[in-house]
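Indexing begins at 1, ligand by ligand and atom by atom, following the structure's order.
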Amino acid sequence: MAKDPVRVLVTGAAGQIGYALVPMIARGVMLGPDQPVILHMLDIPPAAEALNGVKMELVDAAFPLLKGVVATTDVVEACTNVNIAVMVGGFPRKEGMERKDVMSKNVSIYKSQASALEKHAAANCKVLVVANPANTNALILKEFAPSIPEKNITCLTRLDHNRALGQISERVGVQVSEVKNVIIWGNHSSTQYPDVSHATVISEGAEKAVKSLVSDDEWLKGEFIKIVQQRGAAIIKARKLSSALSAASSACDHIRDWVLGTPEGTWVSMGVYSDGSYNVPAGLIYSFPVTCRNGEWTIVQATYMIKSRVSLPGLEIDEFSRKKMDATAEELTEEKALAYSCLS
Ligand SMILES: NC(=O)C1=CN([C@@H]2O[C@H](COP(=O)(O)OP(=O)(O)OC[C@H]3O[C@@H](n4cnc5c(N)ncnc54)[C@H](O)[C@@H]3O)[C@@H](O)[C@H]2O)C=CC1
Ligand SMILES: O=C([O-])CC(=O)C(=O)O
């Protein structure tokens with residue numbers, strides 16, 4: 001029997017990530033090839049004509065899974081009955097800016113859209129915040145939509161996770177699909193900590209530690225971390241626009257794994273509210289390694305890492321990691337204060 005359509009909201013749908021993302025959703029990349037969808041697209045009035053153009057192209061593409069399109073500048077209409085909300089609407093940073101520089105423009109959007117989602121979205125709507133500063137926008141959305149369960153509000157760090165997989169695959173000379181269990185800790189910013197302490201490469205049936213395959217701690221603790229932290233800026237420098245196709249694809253990965261589950265023995269990185277795990281201050285939206293089952297994420301605990309690890313030494317959070325995890329948590333605490341000062 002055919003499944004009922006799922007309603008997916010994309011805010012900022014006339015923008016560059018939106019333009020890459022909506023066809024992916026309509027093709028089944030986000031929710032699977034047998035899941036019909038109804039797309040809700042929101043943008044602001046100056047972008048109404050462009051938004052309508054995107055709607056026309058969706059019709060022209062004749063996607064079999066696409067059962068309807070709502071294209072609107074009315075936030076209530078956009079949020080009504082949505083099951084999944086991908087919050088991309090906002091202002092991107094330009095060359096030379098840090099992501100928190102777009103804070104004052106973007107957090108107020110997330111405060112006002114929190115109430116619309118809370119009042120009008122379907123019960124149990126899953127929310128993914130993409131717009132920067134992603135963790136802090138998600139935190140503001142959570143705080144101003146108190147009736148949405150905290151578990152349902154997340155932010156995108158899967159792009160950073162995928163960037164880390166990409167860098168390791170190039171360095172080791174293996175397919176990216178053979179690399180797994182990197183971790184992005186903390187903020188989607190240049191303080192994030194891309195950690196390969198538990199990452200492995202599966203090759204010819206055997207699982208090997210990335211650390212021993214790379215065999216260059218200096219690179220892993222130096223250049224590798226920097227490349228991943230600064231990849232967004234490098235794309236802006238090259239394209240004069242921020243990442244769009246990779247952001248859209250990673251947003252699909254995030255929702256797909258959250259809804260359909262992570263593969264056995266594999267974790268992914270998601271920005272989720274901290275319950276104090278790993279001594280990260282409770283209540284921050286912080287990127288952790290998570291596994292997903294039955295539509296729920298769970299933070300991977302150190303004991304699980306120890307059990308699942310076949311041959312890798314040094315599983316505890318060592319001093320190097322601890323410092324980096326704390327530094328990015330501190331930045332998030334500061335960002336939270338800054339966000340509230342922008343809202344007052
Ligand atoms: N978390 C992540 O990994 C990534 C986050 N980003 C962030 O995603 C956001 C979007 O990036 P782009 O699509 O490149 O920007 P863009 O400028 O091309 O598109 C943003 C769209 O949002 C719309 N918008 C502005 N205010 C809105 C509101 N109140 N409600 C609904 N729509 C609104 C704009 O009209 C525009 O169409 C930026 O904040 C960017 O920094 C970008 C890449 C990766
Ligand atoms: O760097 C930016 O501003 C856009 C972004 O978040 C990324 O590419 O990771």
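Salt bridge status for K323 with D326: absent, with no side-chain N to carboxylate O gap under 4.0 Å. Comment: D160 does not engage R231 in a salt bridge, judged by the lack of any side-chain N to carboxylate O separation of less than 4.0 angstrom. E264 and R293 are joined by a salt bridge, as a carboxylate oxygen and a charged side-chain nitrogen come within less than 4.0 angstrom of each other. Between R322 and D318, no side-chain nitrogen of the basic residue sits less than 4.0 Å from a carboxylate oxygen of the acidic one, so the salt-bridge criterion is not met.
At a 4.0 Å cut-off, at least one heavy atom of Q113 sits close enough to ligand 1 to count as contact. Residue contacts with ligand 1 include S242, since one or more of its heavy atoms lies under 4.0 Å from the ligand.
Aromatic ring pairs are classed by plane angle as parallel below 30°, tilted from 30° to 60° and perpendicular above 60°; the pair F144 and Y340 is tilted.
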Side-chain donor-acceptor contacts of residues 48-56 below 3.5 Å, not counting sequence neighbours, with atom names and distances?
none

For residues 15-32, run the donor-acceptor check on the side chains, cut-off 3.5 Å, and write out each pair with its distance to 0.1 Å, sequence neighbours left out.
residue : atom : partner : partner atom : Å
Q16     : OE1  : R239    : NH2          : 2.6
Q16     : NE2  : S242    : O            : 2.8
Y19     : OH   : E57     : OE1          : 3.4
Y19     : OH   : E57     : OE2          : 2.7

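From the protein, the heavy atom lying nearest to atom 5 (C) of ligand 1 is V130 O, 2.9 Å. Among all non-hydrogen protein atoms, the one lying nearest atom 41 (O) of ligand 1 is N132 ND2, 2.8 Å. Scanning all protein heavy atoms for the shortest distance to atom 37 (O) of ligand 1 gives D43 OD2, 2.7 Å. For atom 43 (C) of ligand 1, the closest non-hydrogen atom of the protein is S243 O, 3.5 Å. Among protein heavy atoms, atom 20 (C) of ligand 1 sits closest to G90 O, 3.3 Å.
The shortest N or O to N or O distance between I17 and ligand 1 is below 3.5 Å.
In this structure, of M97, H161, R231, H188, the residue bringing a heavy atom nearest to atom 3 (O) of ligand 1 is H188. Of the candidates V75, V88, T73, V88 brings a heavy atom nearest to atom 9 (C) of ligand 1. Relative to atom 27 (C) of ligand 1, the option among I44, V10, N137, L42 with the closest non-hydrogen atom is I44.
Listed for the K126 side chain is a donor-acceptor partner under 3.5 Å among the backbone atoms of G295. At least one donor-acceptor pair closer than 3.5 Å links the side chain of K180 to the backbone N or O of G265.
Residue-ligand proximity, A14 to ligand 1, at heavy-atom distances under 4.0 Å covers atoms 37 (O). Listed by number with element, the atoms of ligand 1 under 4.0 Å from a non-hydrogen atom of A247 are 43 (C), 44 (C).
At a 4.0 Å heavy-atom cut-off, ligand 1 touches L159 through the side chain alone. Contacts with ligand 1 closer than 4.0 Å are made by heavy atoms of both the backbone and the side chain of P92. Contacts between L156 and ligand 1 below 4.0 angstrom, taking non-hydrogen atoms only, involve backbone and side chain alike.
Looking only at atom types and distance, the side chain of E335 has a donor-acceptor partner in the side chain of N187 under 3.5 Å away. With no hydrogens or angles considered, a side-chain donor-acceptor pair links N162 and S250 at under 3.5 Å.
A distance below 6.0 Å separates the ring centres of Y278 and W185.
The protein residues lying under 4.0 angstrom from ligand 2, judged by non-hydrogen atoms, are R93, R99, N132, L159, R163, H188, G232, I236, S242, S243.
In K237, the NZ atom is not crowded: 12 or fewer heavy atoms of neighbouring residues, nucleotides or ligands sit closer than 6.0 Å.
With sequence neighbours excluded, no residue forms a side-chain hydrogen bond (donor to acceptor under 3.5 Å, both in side chains) with N279.
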